[in-house]
J.: 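Supplied in structure tokens, the structure appears directly below.
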Amino acid sequence: MATAFSAAKLTSTFPLRGSHDDRLSDPIRFPTTSSFLRSSRKFALNSSPRLNHAISGRRSAVVAVSEVVKEKKMKNNLLTKEEGLELYEDMVLGRAFEDMCAQMYYRGKMFGFVHLYNGQEAVSTGFIKLLTQSDSVVSTYRDHVHALSKGVPARAVMSELFGKTTGCCRGQGGSMHMFSKEHNVLGGFAFIGEGIPVATGAAFTSRYKRDVLKENCEDVTVAFFGDGTCNNGQFYECLNMAALWKLPIIFVVENNLWAIGMSHLRATSDPEIWKKGPAFGMPGVHVDGMDVLKVREVAKEAVTRARRGEGPTLVECETYRFRGHSLADPDELRDAAEKAKYAARDPITALKKYMIENKMASEAELKSIEKKIDEVVEDAVEFADASPQPARSQLLENVFADPKGFGIGPDGRYRCEDPKFTQGTAHV
Amino acid sequence: MWGILRRSIVDGGFSATSLRRVRSALVSSRSYAAAAKEMSVRDALNSALDEEMSADPKVFIMGEEVGQYQGAYKITKGLLEKYGPERVCDTPITEAGFAGIGVGAAYYGLKPVVEFMTFNFSMQAIDHIINSAAKSNYMSAGQIAVPIVFRGPNGAAAGVGAQHSQCYAAWYASCPGLKVLSPYSSEDARGLLKAAIRDPDPVVFLENELLYGESFPVSEEALDSSFCLPIGKAKIEREGKDVTITAFSKMVGLALKAAEMLSKEGINAEVINLRSIRPLDRATVNASVRKTNRLVTVEEGFPQHGVGAEICTSVVEESFGYLDAPIERISGADVPMPYAANLERMAVPQAEDIVRAAKRACFRSK
């Protein structure tokens, strides 16, 4: 079909430096006919009713990924039982936690801005469960589930939301600023696009450690952000620099089609975000973000690429948030039919169905996981409730890492530690 | 600049050379004047960067034209050849992007020195300086410190127009979580930049383009590679007893010139080089005002909500009873910087303005 989007075919055959040879030499992992990051197949037209735009055919790599997934499903080597249960548990935790947040907010225990992740769990679980502890994750204000998937305990996150001193940031960060040094969750940024350069910097550090400090560092960084962010300048600045310096980063766009009340199609000249990757010299992939198995396949490839030192990947996940932008959003602009359509594609029910149909787990096992998660979330709420609020003395703490702000002396210790220093004021 | 020739006792003396310094402080400074080396501010900054980069492999420089061009103002001259392109990174023209990349790298313990070609361009990256660098240690409750330095020329140059001449000291100094330093002499430049690079917190280092070429004498001690100055401590450049004049960066030179002019009229002015805008050395300023009872604050930036306003309030809060005259505030004119040379001269403080203000404070004129 000769439309303006026939360029889509060209972009998908963009040659990737290095990976080409790997693919040819490793047919088991990458069956050459269906390598979705470089597929040259014709794409089927996706006749989604929401695209009432002039776009006559949405060229996407969804078809290619699902070919891989279908093949693996047939051979039954897509997922082991343990992995499946792990994914299920993680997604149920995300969902149950966010539902509990809504309840607590309406009861007044939580306040301020709270942005919930319901419906998008497949993206978080699909990517983060493939990472190690030392890999880092950078997110936006919709960061509760990213923190949970990365391993921050539910208790710590709930306490943080309640503003208690036992929270992961001692109550000083809040819903939008989840940081954890132990689990390498680097926030938690309220400004959209702000996390992307920070994530690129974390990836820069991995490369610097490898190339300059000569340490063995294979850490990758995953940056999560939304469709609205893809119109922000910082996004393009970082796509450029990440590809230029071949940084080990994966840019994950959680395209849920809405930026508060602004539809992605009304805000973007070319709504196909994955196409912006090849413009900067990196592969751009579009994947069905409501299916955790497809997300996981793409994630595996992107993470391996980054670890091999081949540079960044841009992954666009088509997903949807079941609730409004935040708990203060009346959510009046979204069409009920659209919501129903995506509710039918709920990632948790989809995985449940898959596991039961393929006899990987019984109904009872999955129910017991749900029950366990309910208990975890209840326990988190009780813990947060019982925790103390921060003490008054905590107000002025942590402004600087340096205790008194006088800097470090020639001997490498803080100046304020030297008793002679604080005698007298200026020097003349 | 006669204050500069004095020996300065840098810190509490916990290094091996302390005895030597104490002894030498008792000896007249004149015996060292002949041996004092002169160094331009540009060389001082370059040597400081060089030494810190060689001492710690985690220090790296990032900015526009810092590498192959040898630095837009030649501050990073020779560093690319010495340390390679991985540690002296030329960036595309993306302040927001590379400031954020620097912050992300600092989260992981690297020590970036991010150069802005002038601080006017830092406005494109100010979100990262404030929101992801300054506030991170607090938001993460101490888990994530950001040992980054943002440096570059600040304030008015010569004839560069409104968009290239703004002074950002007041803007950055109002934000908790940032340290803001502004050196004057070469010794200040070396000591404060080294302190900034070693510091575990984000530091905004405001240089001045017109000072880059000026040379100042430097002591032997300042040339030592472990030399660094304390943050949050001002320096009394010239002692006096009639009126206190506070200034920072280029204005210190003007204040000293004004002090010379005043001494001919019998007014003995004390000149304080603030060095550190945040944390501000309120103790020194207040002690000086309690001694002289009169204060003139000098700065190059816009008057409203400026550094002088903060110093004024600090003195009123703490030493009101000691003031014999209203505090005089000298600042740049409340207009965007004009281009015409004569208008530009009128928009920036001159030594005569400081003299007039000091005289007003001493009730010598209207």
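Within every chain, numbering begins at 1; the chains are lettered A, B, ... in the order of the sequence lines, protein sequences first and strands thereafter.
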J.: Work out which heavy atom in A:E237 is nearest to a heavy atom in B:E95; give both atom names and the distance.
T.: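 Looking at all heavy atoms of both residues, the closest pair is OE1-N, 4.4 Å.
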J.: Answer yes or no: does atom CG of A:L213 have more than 12 heavy-atom neighbours from other residues, nucleotides or ligands under 6.0 Å?
T.: yes
J.: Looking at A:S206, A:S136, A:A242, which has the largest count of heavy-atom pairs under 4.5 Å with chain B?
T.: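 The option with the most such pairs is A:S136.
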J.: Given side chains that start at C-beta, do those of A:Q234 and B:H128 come closer than 4.5 Å, heavy atoms only?
T.: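 Yes. Closest side-chain heavy atoms under 4.5 Å.
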J.: How far apart are the closest heavy atoms of B:R198 and A:I408, and which atoms are they?
T.: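 Here B:R198 and A:I408 meet closest at O-CD1, 3.3 Å.
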J.: Give the ring-plane orientation class for A:F189 versus B:Y107, where under 30° counts as parallel, over 60° as perpendicular and anything between as tilted.
T.: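 Ring orientation, 0 to 90° scale: parallel.
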J.: Quick one: of A:A190, A:A401, A:G407, who has the most non-hydrogen atom pairs under 4.5 Å with chain B?
T.: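 Most heavy-atom pairs under 4.5 Å with chain B: A:A401.
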J.: Let me know if A:A199 has heavy atoms under 4.5 Å from chain B in its side chain, its backbone, both or neither.
T.: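 Contact with chain B involves no heavy atom of A:A199 at all.
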J.: Using a heavy-atom cutoff of under 4.5 Å, enumerate the residues of residues 163-173 of chain A that contact chain B, numbered in order, or state 'none'.
T.: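 Only A:C168, A:C169, A:R170, A:Q172, A:G173 of residues 163-173 of chain A have a heavy atom under 4.5 Å from chain B.
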J.: What's the separation between atom OH in A:Y208 and atom NZ in B:K58, rounded to the nearest 0.5 Å?
T.: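 It is 9.5 Å, given to the nearest 0.5 Å.
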J.: Against chain A, work out which of B:L110, B:V103, B:I93 has the most heavy-atom pairs shorter than 4.5 Å and name it.
T.: B:L110
J.: With respect to chain A, which residue among B:E86, B:R278, B:K194, B:M139 yields the maximal number of heavy-atom pairs within a distance under 4.5 Å?
T.: B:M139
J.: Examine distances only and state if a side-chain atom of B:N137 and a backbone atom of A:N398 form a donor-acceptor pair shorter than 3.5 Å.
T.: yes
J.: Mark yes or no for whether A:D402, through its side chain, and B:D201, through its backbone, hold a donor-acceptor pair below 3.5 Å.
T.: no
J.: Check whether any side-chain heavy atom of B:P92 lies under 4.5 Å from a side-chain heavy atom of A:M241, and answer yes or no.
T.: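 Result yes, sub-4.5 Å side-chain heavy-atom pair found.
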J.: Most heavy-atom pairs under 4.5 angstrom with chain A, which of B:V203, B:D199, B:D127, B:L178?
T.: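 Looking at each of B:V203, B:D199, B:D127, B:L178 in turn, B:D127 comes out on top.
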J.: Can you list everything that forms a side-chain hydrogen bond (donor to acceptor under 3.5 Å, both in side chains) with A:R142? Sequence neighbours excluded, please.
T.: A:H325
J.: Among B:G84, B:P147, B:G142, who wins on heavy-atom pairs under 4.5 Å with chain A?
T.: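 Winner by heavy-atom pair count: B:G142.
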J.: CG/A:L186 to OG/B:S132 distance, rounded to the nearest 0.5 angstrom?
T.: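 That separation rounds to 11.0 Å.
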J.: Which atom pair, heavy atoms only, marks the closest approach of B:G97 to A:P197?
T.: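 Smallest heavy-atom distance, with atoms named: O-CB, 3.6 Å.
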J.: Taking A:W245, A:F191, A:F400 one by one, which has the highest count of heavy-atom pairs under 4.5 Å against chain B?
T.: A:F400
J.: Of all the heavy-atom pairs spanning A:Q394 and B:Y138, show the shortest one and how long it is.
T.: O-OH, 4.4 Å
J.: Tell me the closest heavy-atom pair linking B:G232 and A:F406, and the distance in Å.
T.: O-CE2, 4.0 Å
J.: Could you check which of B:S140, B:G102, B:S136 has the highest count of heavy-atom pairs closer than 4.5 Å to chain A?
T.: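 It is B:S140.
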J.: Taking all non-hydrogen atoms of both residues, which atom of B:C228 and which atom of A:G409 are closest, and how far apart?
T.: SG-C, 3.5 Å
J.: Based on non-hydrogen pairs under 4.5 Å, which of B:A141, B:G100, B:S276 is most in contact with chain A?
T.: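 Highest number of pairs under 4.5 Å: B:A141.
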J.: Can you say whether A:I249 sits under 4.5 Å from chain B via the side chain, the backbone, both, or neither, judging by heavy atoms?
T.: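 No part of A:I249 comes within 4.5 Å of chain B.
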J.: Non-hydrogen atoms of chain A under 4.5 Å away: do they reach the side chain of B:P279, the backbone, both or neither?
T.: side chain
J.: Given a strict heavy-atom distance threshold of 4.5 Å, which part of A:N184 is in contact with chain B: side chain, backbone, both, or neither?
T.: both
J.: Looking at B:K291, I'd like to know if its NZ atom is crowded, meaning that more than 12 non-hydrogen atoms belonging to other residues, nucleotides or ligands lie closer than 6.0 Å.
T.: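 Check passes, neighbour count above 12.
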J.: Using ring pair (Phe, Tyr, Trp, His ring centres under 6.0 Å) as the criterion, point out the one residue from B:Y108, B:F60, B:F98 that pairs with A:F204.
T.: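 Result: among B:Y108, B:F60, B:F98, B:F60 is the only option passing the ring pair (Phe, Tyr, Trp, His ring centres under 6.0 Å) with A:F204.
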J.: Taking every non-hydrogen pair under 4.5 Å, which of A:K404, A:E194, A:E397 racks up the most with chain B?
T.: A:E194
J.: More than 12 non-hydrogen atoms from neighbouring residues, nucleotides or ligands closer than 6.0 Å to NZ on B:K111, yes or no?
T.: yes
